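Structure first, commentary second.
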Amino acid sequence: MAIPHPAPLSGASYSAVELAPSDDLVWMLDQRQLPHEERYVELRDAAGVAEGIRAMVVRGAPAIGIAAAYGLALEAHALAGAPADRFVAAMRAAGELLAGARPTAVNLRWAVEQVLGTVADLAARDDRARVIAEHARGIHRDDVAACRAMGAIGAKHLPDRGTVLTHCNAGALATGGYGTALGVIRAAREAGKEIRVLSCETRPYLQGARLTTWELERDGVPVELITDGMSAHFFARGEIDAVIVGADRVAKNGDVANKIGTYGHACLARLHDRPFYVAAPRSTLDPATPTGAAIVIEERSSDEVVRIGGALIAPHGVHARHPGFDVTPARLVTRLFTEIGEVPGERAFELMR
């Protein structure tokens with residue numbers, strides 16, 4: 001179903017997450033149901049939003065940051081008549097709940113801290129809930145603008161005609177709208193470049209198969225789906241001209257945490273002399289994390305590996321390892337695109353000043 005109201009802030013026909021005009025309701029597109037059903041769930045408190053993030057109703061580093069900001073807006077609305085001290089304590093508790101929903105994506109805690117940084121100063125104001133809601137919407141609008149800016153920067157590096165490999169989903173569904181990696185592809189197509197896409201299915205959660213292909217099909221971008229293990233074959237055949245992915249965290253030295261499987265594609269790109277690009281907003285760049293070794297890698301449920309669509313595909317009792325992310329060393333990142341510029345991966349720190 002279409003989002004009930006209002007029109008998404010990005011101007012698109014769908015949105016990962018939106019705050020209702022009344023500030024007491026969040027609509028979240030249930031990405032677990034895509035591509036077969038476009039269904040929005042309604043959430044009315046910060047705990048519900050935190051569970052939506054944890055359960056991957058919404059996913060993608062920028063999108064879960066926006067969702068967390070909206071979760072704090074719901075909390076502020078619910079606390080409209082509370083004394084200032086109770087308001088501050090409850091908002092901070094909600095912030096910790098939201099920030100702890102998923103550990104790897106730095107945007108989540110960044111967005112929470114952006115909102116909580118205003119709470120003490122607003123606590124005594126009658127309009128505090130409205131101001132916090134508008135701040136959260138500002139985070140959303142800024143992300144859309146950042147995606148469009150980095151799209152324009154990155155599009156210049158894609159060939160006038162060629163095939164681009166992408167992994168996971170770094171599109172409108174993972175952001176406030178437009179996308180990071182897919183935003184670069186969209187911008188290249190808008191500039192007249194004849195770009196086609198190979199989308200890795202991205203086991204085990206299948207974000208590439210379910211979400212990236214869904215977005216690109218809607219946009220009329222030529223896309224073919226491959227299994228994660230097929231990329232080496234297509235590199236060897238000379239069928240891949242570039243790789244572009246998003247990121248969940250970029251360490252100060254330029255190491256990139258992204259969906260599990262990304263590191264292998266980066267190694268193949270280097271072996272076959274193809275550029276490996278990363279597109280991410282500045283909120284994903286984390287100067288407090290010195291290297292990729294310091295990034296906490298989320299370990300997700302074994303069931304997400306041993307089952308597909310609820311059906312068991314491994315022998316009963318077999319446990320699966322499921323790190324949600326891997327880390328690509330900065331030296332393998334040809335260029336890092338953000339909304340303020342681009343650098344080789346090993347100079348990521350220049351964009352963190």
Side-chain angles (χ1 to χ4, degrees), residues 1-12 14-31 39-102 105-146 175-177 283:
M1 73 178 184
I3 191 167
H5 184 76
L9 286 181
S10 67
Y14 59 92
S15 178
V17 61
E18 296 284 337
L19 178 65
S22 54
D23 300 340
D24 63 348
L25 172 67
V26 164
W27 288 299
M28 194 176 283
L29 177 57
D30 191 345
Q31 297 187 31
R39 180 169 69 87
Y40 287 85
V41 298
E42 296 184 351
L43 304 168
R44 296 185 178 274
D45 56 31
V49 172
E51 180 56 28
I53 294 169
R54 187 176 301 108
M56 292 181 71
V57 176
V58 65
R59 29 65 55 203
I64 64 176
I66 293 164
Y70 284 157
L72 287 173
L74 293 182
E75 191 73 9
H77 187 275
L79 292 163
D85 57 347
R86 182 177 160 228
F87 175 79
V88 171
M91 289 292 289
R92 287 175 176 166
E96 283 306 305
L97 177 67
L98 287 157
R102 294 193 69 190
V106 70
N107 305 65
L108 182 55
R109 183 165 290 278
W110 173 86
V112 167
E113 291 175 351
Q114 287 287 304
V115 176
L116 290 184
T118 69
V119 163
D121 291 339
L122 293 173
R125 290 177 51 168
D126 293 337
D127 63 347
R128 63 195 183 190
R130 180 189 62 79
V131 174
I132 286 171
E134 284 309 304
H135 188 183
R137 289 191 180 95
I139 290 172
H140 190 162
R141 292 189 185 97
D142 288 348
D143 183 71
V144 177
T175 64
S283 56

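Predicted, not measured: the structure shown is a model, and the values here were computed from it.
Sequence neighbours left out, not one pair with a member in residues 111-122 passes side-chain hydrogen bond (donor to acceptor under 3.5 Å, both in side chains). Pairs engaging residues 19-28 under the salt bridge (charged side-chain N to carboxylate O under 4.0 Å, His left out) rule: D23-R137 [sequence neighbours left out]. Legend: salt bridge (charged side-chain N to carboxylate O under 4.0 Å, His left out) pairs involving residues 45-58, not counting sequence neighbours, sorted by first then second residue: E51-R54.
When all heavy atoms of A101 and A50 are compared, the pair lying nearest together is CB-O, 3.6 Å. In plain terms, the two heavy atoms of G65 and A111 that are nearest each other are O-CB, 3.1 Å. Contact between R92 and A120 at its shortest, heavy atoms only, is NH2-CB, 4.5 Å. Scanning all heavy atoms of the two residues, the minimum distance from A73 to A133 falls at CB-CA, 3.9 Å. In terms of heavy atoms, A46 sits closest to A94 at CB-CB, 4.0 Å. Nearest approach of A69 to V115, heavy atoms of both residues: CB-CG2, 4.0 Å.
Here CD1 of I66 is found 4.0 Å from CG of D143. Values are rounded to the nearest 0.5 Å. With rounding to the nearest 0.5 angstrom, the CG atom of L74 is 6.0 Å from the CG atom of L19. The CG atom of L108 lies 4.5 Å from the CD1 atom of I64; values are rounded to the nearest 0.5 Å. In this structure, E18 CD and L25 CG are separated by 11.0 Å, a value rounded to the nearest 0.5 Å. Rounded to the nearest 0.5 Å, atoms CZ (R102) and CE (M56) are 4.5 Å apart. Between I132 atom CD1 and R125 atom CZ the span is 10.0 Å, to the nearest 0.5 Å.
Annotation: side-chain hydrogen bond (donor to acceptor under 3.5 Å, both in side chains) contacts of R130 (sequence neighbours excluded): D127. With sequence neighbours left out, the side-chain hydrogen bond (donor to acceptor under 3.5 Å, both in side chains) criterion links R86 to no other residue. With sequence neighbours left out, the side chain to side chain contact (heavy atoms under 4.5 Å, CB included) criterion links A67 to V17, M28, V49, I53, V58. Partners of A123 by side chain to side chain contact (heavy atoms under 4.5 Å, CB included), not counting sequence neighbours, listed by chain and number: A84, F87, V88. D142 pairs by the side chain to side chain contact (heavy atoms under 4.5 Å, CB included) definition with nothing, not counting sequence neighbours. For A99, the side chain to side chain contact (heavy atoms under 4.5 Å, CB included) partners at least two apart in sequence or on another chain are R109, V112. Annotation: side-chain hydrogen bond (donor to acceptor under 3.5 Å, both in side chains) contacts of E75 (sequence neighbours excluded): none.
Side-chain atoms of H140 come within 3.5 Å of backbone atoms of G176 as a donor-acceptor pair (strictly under, hydrogens ignored). Y40 places a side-chain N or O within 3.5 Å of a backbone atom of S15 that can act as its donor or acceptor partner.
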